[in-house]
Asker: 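What follows is a structure written as structure tokens; I'll ask about it next.
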2 protein chains.
Amino acid sequence: MREVTIGEAARESGVKVTTIRFYEGRGLLPAPPRSDGGQRLYGADDIARLRFIRHARDLGFDMAALADLLDLAGHPDAPCDNADRLARDRLVDVRRRIDALRALESELERMITACQHDRVARCAVIESLADHAHCGGPHARLD
Amino acid sequence: MREVTIGEAARESGVKVTTIRFYEGRGLLPAPPRSDGGQRLYGADDIARLRFIRHARDLGFDMAALADLLDLAGHPDAPCDNADRLARDRLVDVRRRIDALRALESELERMITACQHDRVARCAVIESLADHAHCGGPHARLD
DNA sequence: GTAACCTCTACAGCGACTGTAGAGGCAAGG
DNA sequence: CCTTGCCTCTACAGTCGCTGTAGAGGTTAC
């Protein structure tokens, strides 16, 4: 049971079957050996790598950063400044997004509580959207 | 000065030139009249509509919701329940994202403070990514 | 044996734009 | 009038990170 099919690798890693193949195409995962019938066979290290990838993706690392991280993970003797920097960059980004989302949250709350459930002509939701001045200034876009 | 070119409409609305044309193609903005030379000419109402679109996009409404909102905005006598519901949906989504990002923030903070700036082999950043159990359970994906 | 399910490749599609190429419009200075 | 330089035009390809599809073949349970 050391070698598992792509479906089981998907179940164990939490990465979808199609996504695993996609990662292979992108070079994030090495092409595994195949069975006689041509099916991919994955070992424990492949699944660990998939979990690493999934966790990093969940944290918001993009695929370029992911490639860097995987490269670093494969060189245990290198200094870890790079990984540290990548994590710090992510932290800055995550905080920026949180701030932007909190501004949106309070604007949406205000819009909703002000809405009298009347006609559209008096709807605070519509009005707020039409008049940007109602909110606390231009908010950062999230993308 | 009632009729302005696309470049000025972009400056006044904060929506890029290419994006304005893109919105026209998607039907979010009506095709404007043209000058003798074939250039688009926008009026004040177009710019207001662009600002409405931009504000709603900034708040995270997708283009389908945006089409609904624009439709509603054009029917002032309709009840505003729909707009209210759209805003409430957005609020739920925004809060979900904030929660997920806060979990990421604390995990990244932990990773960074635990990192000793040593070799990769001892780097908490890499280790955390390899071992999902370190964090407070599976976090929601943001997409 | 056969039904049910899994996996294969190759490629198109998603959302919401962004970027490019190559051509033509337009206002100001000489 | 001509040039310079920016603005705008159309049409279409590319971005990111997948997801979905079609049609074929492998594998497993009964």
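Residue numbering restarts at 1 for every chain, and letters A, B, ... go by the order of the sequence lines.
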Asker: Please report, rounded to the nearest Å, how far the P atom of dA13(D) is from the CZ atom of F22(B).
Answerer: 16 Å

Asker: Using a cut-off of less than 4.0 Å, is there contact between a side-chain N or O of K16(B) and OP1 or OP2 of dC17(C)?
Answerer: no

Asker: Under 3.5 Å, is there a donor-acceptor pair between the side chain of R90(B) and the main chain of L108(A)?
Answerer: no

Asker: Quick check: closest heavy atoms across R54(B) and G14(B), and the distance to 0.1 Å?
Answerer: CD-O, 3.3 Å

Asker: Ignoring backbone atoms, test whether T19(B) places a side-chain nitrogen or oxygen under 4.0 Å from the OP1 or OP2 oxygen of dT18(C).
Answerer: yes

Asker: Do any side-chain nitrogens or oxygens of S35(A) fall under 4.0 Å of OP1 or OP2 in dT27(D)?
Answerer: yes

Asker: May I ask you to decide if A31(B)'s main-chain N or O and R40(B)'s side chain share a donor-acceptor pair within less than 3.5 Å?
Answerer: no

Asker: A9(A) and Y42(A): which non-hydrogen atoms are nearest, and at how many Å?
Answerer: CB-CD1, 3.9 Å

Asker: What is the distance, to the nearest angstrom, from the CZ atom on R54(A) to the P atom on dC18(D)?
Answerer: 11 Å

Asker: Do the side chain of R51(B) and the main chain of E12(B) share a donor and acceptor less than 3.5 angstrom apart?
Answerer: yes

Asker: If only side-chain N and O atoms of Y23(B) are considered, is one of them under 4.0 Å from the OP1 or OP2 phosphate oxygen of dC17(C)?
Answerer: yes

Asker: Would you give a per-nucleotide map of nucleotides 2-10 of chain D, 5' to 3', where B means the base has a protein non-hydrogen atom under 4.0 Å away, S means only the sugar-phosphate does, and - means neither?
Answerer: ------SSB

Asker: Nearest-nucleotide wise, let me know which of D36(A) and T18(A) is further upstream toward the 5' end of DNA chain D.
Answerer: T18(A)

Asker: Test your reading of the model: is there a side-chain donor-acceptor pair from R97(B) to the backbone of L101(A), 3.5 Å cut-off?
Answerer: no

Asker: For the backbone of G43(B) and the side chain of D46(B), can you confirm whether one donor and one acceptor N or O come within less than 3.5 Å of each other?
Answerer: yes

Asker: Grab the CD1-P distance between I20(A) and dC6(C) for me, whole Å please.
Answerer: 14 Å

Asker: Under 4.0 Å, counting only non-hydrogen atoms across every strand here, what does D62(A) touch: a base, just sugar-phosphate, or nothing?
Answerer: sugar-phosphate

Asker: CD of E24(A) versus P of dA10(C): gap in Å, rounded?
Answerer: 12 Å

Asker: Tell me the closest heavy-atom pair linking D84(A) and V125(B), and the distance in Å.
Answerer: CA-CG2, 4.4 Å

Asker: Grab the CD-C1' distance between E3(A) and dT27(D) for me, whole Å please.
Answerer: 17 Å

Asker: Please tell me whether I6(B) and L41(B) are part of a single hydrophobic cluster in this structure, the criterion being side-chain heavy atoms less than 4.5 Å apart.
Answerer: no

Asker: Using the C1' atoms of the five pairs at each end, what is the angle between the end axes of the helix from dG1(C)-dC30(D) to dG30(C)-dC1(D), to 10°?
Answerer: 10°

